[in-house]
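Everything below concerns the one structure shown next.
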2 protein chains.
Amino acid sequence: MQLITVPDDVYNRRIRRFESACRDNGLKMTHQRMVIFRDLARSTDHPSAEMVHGRVRRDIPTISLDTVYRTLTTFEKCGLIFRVQAEAGQARYDAGLEPHHHFVCTECKTIYDFVWSEFERVALPDAAGNIGHVQEKQAVLKGICRKCLDRAGSH
Amino acid sequence: MQLITVPDDVYNRRIRRFESACRDNGLKMTHQRMVIFRDLARSTDHPSAEMVHGRVRRDIPTISLDTVYRTLTTFEKCGLIFRVQAEAGQARYDAGLEPHHHFVCTECKTIYDFVWSEFERVALPDAAGNIGHVQEKQAVLKGICRKCLDRAGSH
DNA sequence: GTACGTGCAAAAATTTTGCTTTAAT
DNA sequence: ATTAAAGCAAAATTTTTGCACGTAC
């Protein structure tokens, strides 16, 4: 379930980016793609293909899971969304393009976003540049989230 | 195939750590576990379960893939090895305990290690501490490795 | 009208599990 | 002798694919 939602201005920016990305990549504007992207653009929970499928079925009850898989892969190739580095069994997706990082709870597998402007300012070591051409850099934290800590502490 | 190998002193340190971790966790010292751990301790290629299976079969031709899966999971629970944040379809493992980070080539899926001492020195933002208790922090880079860049450039 | 996208079903790939046999302590 | 681990086979889970039909441009 999705409690926190994305602010309107961020959501609208994402939708506009989606529309231009479709045009630029020659993607047809299908009902399925719009509904799937709208769900992602509003999401803060880094949903898996199955989570997206479950939610978009409210709008398109006949949509198939493989369409969701194909669509997510397509969006990823266009740079519209990212696969999250979280290896929680299933691939998880994120429509947030603003630089941010992830805290993965090893207990409940929830993925939390956080910003870390200090990180953005630190230069990569030479070692990294020697390996190849860096396109994306991100920090990943693992730990136990507050919710799980509280649950464990209460008995 | 494995080109670079781990220096002897690092390898020996890992093996000693393995032996004490088995004692501490009440794990029996089976032939399979030793062979699997030795392979990981020598590895620099962040192998998947299947890669490990393929290699340890040289020593134990009858070893089954599910034993490898079970053993890797066991080692991970003991903190002897880590699952790498790389979502390359399969889970990838790493026996390196010294702080290091990963560069994942989006082309060939190779995972390269690098050290980044500057990163270790930067304090986490308050936002991260508010989410929960951080147990592990790491940077993940994505990009195209030199090998793939060269291959693409040569035609 | 044409090319691309979707739905369906089936398969592929990866990982997990129940049960029996084997081996370590 | 006990108890954990290995091996086998089967299942569960996640993701991909071929083909026929439908839809956006």
Side-chain angles (χ1 to χ4, degrees), chain A residues 18-39 46-57 59-78 80-93 109 111, chain B residues 18-39 46-57 59-78 80-93 109 111:
Chain A
F18 166 64
E19 287 163 351
S20 63
C22 285
R23 251 180 278 114
D24 297 349
N25 292 278
L27 295 184
K28 289 180 178 170
M29 271 294 214
T30 65
H31 189 201
Q32 287 85 338
R33 282 183 181 156
M34 284 189 291
V35 171
I36 291 172
F37 190 82
R38 280 196 212 113
D39 181 79
H46 310 82
S48 63
E50 212 157 340
M51 289 159 78
V52 173
H53 184 232
R55 298 197 297 227
V56 297
R57 264 197 298 192
D59 293 298
I60 312 176
T62 58
I63 195 167
S64 65
L65 179 56
D66 61 49
T67 296
V68 176
Y69 271 109
R70 271 190 255 241
T71 304
L72 293 174
T73 306
T74 303
F75 288 170
E76 197 201 351
K77 278 187 194 142
C78 299
L80 272 169
I81 61 174
F82 292 101
R83 271 171 109 110
V84 178
Q85 322 275 356
E87 37 80 12
Q90 298 172 304
R92 304 276 293 264
Y93 292 89
K109 312 295 181 197
I111 300 169
Chain B
F18 166 63
E19 287 163 351
S20 64
C22 285
R23 250 180 279 115
D24 296 351
N25 292 280
L27 295 184
K28 289 182 179 171
M29 269 295 212
T30 67
H31 189 201
Q32 286 84 340
R33 281 184 181 155
M34 284 190 291
V35 170
I36 291 171
F37 191 81
R38 280 196 212 114
D39 181 80
H46 310 82
S48 64
E50 211 158 341
M51 288 159 79
V52 173
H53 184 231
R55 297 197 296 228
V56 297
R57 264 197 298 193
D59 292 299
I60 312 175
T62 58
I63 196 169
S64 66
L65 180 57
D66 61 49
T67 296
V68 175
Y69 271 109
R70 271 191 253 242
T71 305
L72 291 174
T73 306
T74 303
F75 288 169
E76 197 201 350
K77 276 187 195 140
C78 298
L80 271 169
I81 61 173
F82 292 101
R83 272 170 109 112
V84 177
Q85 322 273 358
E87 36 80 12
Q90 298 172 305
R92 304 275 295 262
Y93 292 89
K109 313 295 181 198
I111 301 167

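We name chains A, B, ... by the order of the sequence lines, and we start the count at 1 in each one. These numbers were taken from a predicted model, which means no experiment stands behind them.
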Which part of the nucleic acid does A:Ala49 contact within heavy-atom distance under 4.0 Å: base, sugar-phosphate only, or nothing? nothing
Would you say that [X] contacts [Y] through its side chain, given a criterion of any heavy-atom pair below 4.5 Å between the two side chains?
X	Y	value
A:Arg33	A:Phe75	yes
A:Arg23	A:Met29	no
A:Leu72	A:Glu76	no
B:Arg83	B:Tyr93	yes
A:Ile81	A:Phe37	yes

Against the side chain of A:Ile63, the closest entry in C:dT6, D:dA6, C:dG7 is C:dG7
Could you tell me the separation between the [atom1] atom of [X] and the [atom2] atom of [N], rounded to a whole number of Å?
X	N	atom1	atom2	value
A:Asn25	D:dC25	CG	P	14 Å
A:Ile60	C:dG5	CD1	P	15 Å
B:His53	D:dG7	NE2	P	9 Å
A:Leu27	D:dT23	CG	P	19 Å
B:Asp24	C:dT25	CG	C1'	16 Å
A:Leu72	D:dT14	CG	P	15 Å
A:Arg23	D:dA24	CZ	P	17 Å

Any side-chain N or O of [X] under 4.0 Å from OP1/OP2 of [N]?
X	N	answer
A:Gln32	C:dG7	yes
A:Ser64	C:dG7	yes
B:Tyr69	C:dT16	no

For B:Leu65 and B:Ala49, which heavy atoms make the closest approach, and how far apart are they? CD1-O, 4.1 Å
To the closest 0.5 Å, what do you measure between [atom1] ([X]) and [atom2] ([Y])?
X	Y	atom1	atom2	answer
B:Arg55	B:Ile63	CZ	CD1	13.0 Å
A:Thr67	A:Ile36	OG1	CD1	7.0 Å
B:Met34	B:Ile60	CE	CD1	8.5 Å
B:Asp66	B:His53	CG	NE2	8.5 Å

Pairwise N/O distances under 3.5 Å, protein to nucleotides 9-13 of chain C:
{"residue": "C:dA9", "atom": "N6", "partner": "A:Asp66", "partner atom": "OD2", "Å": "2.9"}

Roughly how bent is the helix from C:dG1-D:dC25 to C:dT25-D:dA1 end to end, in steps of 10 degrees, with each end axis from five pairs? 40°
Quick test: give all pairs of protein nitrogen or oxygen and nucleotides 21-24 of chain C nitrogen or oxygen below 3.5 Å, distance rounded to 0.1 Å.
{"residue": "C:dA24", "atom": "N3", "partner": "B:Lys28", "partner atom": "NZ", "Å": "3.4"}

Closest to the 5' end of DNA chain C, once B:Leu65 and A:Gly26 are matched to their nearest nucleotides, is A:Gly26
Determine yes or no for a side-chain-to-main-chain donor-acceptor pair under 3.5 angstrom, with B:Arg92 supplying the side chain and B:His46 the backbone. yes
